[in-house]
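First comes the structure, then the notes that go with it.
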Amino acid sequence: MRERKDHLDGLAISLLGVCCLFWAGQQILIKVTLTEIPPLWQAGLRFAGAALLLLVWCRVRGIALWTRDGTGKAGLIAGLLFAAEFACIYLGLQDTSASRVTVFLYTSPFWMALLLPRFVPGEHLRAWQWAGLVLAFGGVAVAFAEGFQGPAAGPNQLRGDALALASGCFWGLTTLTIRTTRLAEASAEKLLLYQVGVTALVAPLLSLALGEGGHFSYSASAWAATGLLAVVGSFASLLVWMWLLRHYPATRMASFAFLTPVLTLVMGVALLGEPLTLNLVLALAGVVAGIVLVNRRSTPPAAPAQGPAA
C-alpha cells in the first residue's frame, strides 16, 4: 500500500512550485518555436525525446515497464487523451495568444472537480473549496482581462480559443482516467510512458496528415527550446506530477497549478520589464486566497457509512 495524504504538505508544495515555475514559460517557448517548427511536428520531436529519456532512466534504475499489470487499455486511453490535449495546445497557439491558451487550459480543474467526486468520494470538495476554485480562476481571468479587451490576435482567434478550451477538458479527463482505473496503482514512470509514448507516435502521424512538412534542419535556438521542453517539460516535471497524483488529492493539486499563468506574468515583469499592473496584483491575491481555501482542513467528522473501496 502506498501512503496517500488528504492535503498538500511541504514537500508537495515545494515540488509543485518548481514545476509551476517552469510551466509558466512553456507556452511562450512553444509559440516562439512555431516560427520554425510546425506545431504537431514540434510536439512529436518533444515527446519522442521525452520517451527516450524515460526509457533510459528506467533502464538505469532497473524499473520494470513491460510487466503485465492490467493497465494497458486504460494506459492507451490516458495516452490518447494526453496526446489530444497537447495537439490542441500546439495547434491553438497558431491562432491565439499564449496567455489566452493558458487561461483556457487552466479550466481543467473545473472539469476534474465536477467529475472526479462521482468516482472517488474522497475527492469531494466542500463549499469553501468550491469558492476557492472559483476565486482562483477569477484571479486568473482578472490577470488576462487586458488581453481580452485588446484587439483580436488574428482572424482565427475563436478557433484557437476553442482548441485551448478543449485542451483543458482533455487534461481533466486524463487525470480522471488515471485516478479511476488501475493506472492509479501503476508506477509514475509507467504512467508517464503511456502518455509521452502515445503522443510521440500520434503527433507525427497527425503532422503528416495535416501536411506540415516537418524536417530536422532547424536553428540551434529552436532545437534548444524543443530540448528544454522535452527534458524538463515532458520528462522531469511530468514525472514529478505523476508521482504527486498518486500521493496527494488531485483537486488540491489542480487548484495550486493556477499559479502557473500568474507566474507567466510575474516572469514578464522580472525578465522583460513589463509593467506591474493592478490586474496582476489582484490576480495574485485571488490565486493565493483560492489556494488557501481549497487546502483548508476541517475537523474530521464521524466516519459515515460507505460502500467498499473501488
Side-chain angles (χ1 to χ4, degrees), residues 18-51 53 81-108 140 143-144 147 153-154 156-157 159-171 174 192 195-196 198-200 202-207 210 212-238 241 257 259-268 271-272 274:
V18 173
C19 289
C20 288
L21 187 60
F22 180 81
W23 293 337
Q26 275 199 125
Q27 266 59 274
I28 296 172
L29 279 175
I30 294 170
K31 193 168 183 67
V32 169
T33 311
L34 283 175
T35 58
E36 282 195 59
I37 309 178
L40 293 176
W41 182 244
Q42 183 185 152
L45 293 173
R46 169 185 177 177
F47 288 103
L53 283 171
L81 289 169
F82 186 83
E85 174 196 340
F86 276 88
C88 289
I89 290 173
Y90 275 81
L91 291 172
L93 281 168
Q94 291 186 121
D95 298 321
T96 192
S97 66
S99 60
R100 292 178 72 87
V101 166
T102 304
V103 169
F104 292 117
L105 174 62
Y106 279 83
T107 61
S108 69
V140 172
F144 291 99
N156 298 318
Q157 171 106 22
R159 182 175 67 184
D161 289 349
L163 285 167
L165 183 60
S167 71
C169 180
F170 284 127
W171 183 8
T174 302
L192 183 55
Q195 295 175 86
V196 299
V198 171
T199 306
V202 170
L205 293 177
L206 291 175
S207 175
L210 293 178
E212 289 185 344
H215 51 84
F216 298 97
S217 300
Y218 302 111
S219 68
S221 59
W223 276 115
T226 303
L228 188 61
L229 288 167
V231 175
V232 181
S234 300
F235 172 63
S237 66
L238 289 183
W241 177 262
L259 277 174
T260 298
V262 177
L263 282 172
T264 303
L265 294 184
V266 173
M267 290 169 64
L271 303 176
L272 304 177
E274 297 175 351

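Starting from 1, each residue takes its place in the sequence as its number.
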Query - pair L210-L91: side-chain heavy atoms closer than 4.5 Å - result: yes

Query raised in the report: Side-chain contact, heavy-atom cut-off 4.5 Å: T174 with Q195?
Result: yes

Requested in this report: Write down the atom of A166, the atom of C88, and the distance for their closest heavy-atom approach.
Outcome: CB-SG, 4.0 Å

Query raised in the report: To the nearest 0.5 Å, how far apart are SG in C20 and CH2 in W241?
Result: 7.5 Å

Requested in this report: Check side chain to side chain contact (heavy atoms under 4.5 Å, CB included) between A84 and all other residues, then give those that pass, not counting sequence neighbours.
Outcome: F170

Requested in this report: Report the distance from atom CG of L93 to atom CG of L29, rounding to the nearest 0.5 Å.
Outcome: 11.0 Å

**Report entry** Spacing of Y90 atom OH and K31 atom NZ [to the nearest 0.5 Å]
**Finding:** 13.0 Å

Query raised in the report: Which of parallel (below 30°), tilted (30 to 60°) and perpendicular (above 60°) describes F86 and F47?
Result: perpendicular

Query - D161 vs L165 side-chain heavy atoms within contact, under 4.5 Å - result: no

Report task. Please confirm whether the backbone N or O of G92 pairs with a side-chain atom of T96, one donor and one acceptor, at under 3.5 Å? Result -> no

Report task. Would you give the length of the straight line joining atom CG of L163 to atom CD of Q94, rounded to the nearest 0.5 angstrom? Result -> 9.5 Å

**Report entry** Closest non-hydrogen atom pair between S237 and C19, with its separation
**Finding:** O-SG, 3.9 Å

Compile the donor-acceptor pairs under 3.5 Å between side chains in residues 224-236 and protein atoms, sequence neighbours left out, one pair per line.
from, atom 1, to, atom 2, distance (Å)
T226, OG1, A222, O, 2.9
S234, OG, R46, NE, 2.5
S234, OG, R46, NH2, 3.2
S234, OG, L229, O, 3.4

Report task. Nearest 0.5 Å please: distance from the CG atom of L238 over to the CH2 atom of W23. Result -> 6.5 Å

Requested in this report: Report yes if some heavy atom in the side chain of L105 is under 4.5 Å from a heavy atom in the side chain of Q27; otherwise report no.
Outcome: yes

What donor-acceptor contacts under 3.5 angstrom involve side-chain atoms of residues 34-45, with partners at least two apart or in another chain?
from, atom 1, to, atom 2, distance (Å)
T35, OG1, V32, O, 2.8
E36, OE1, S219, N, 3.0
E36, OE1, S219, OG, 3.3
E36, OE2, S219, OG, 2.5
W41, NE1, H215, O, 2.8
W41, NE1, Y218, OH, 3.4
Q42, NE2, I37, O, 3.4

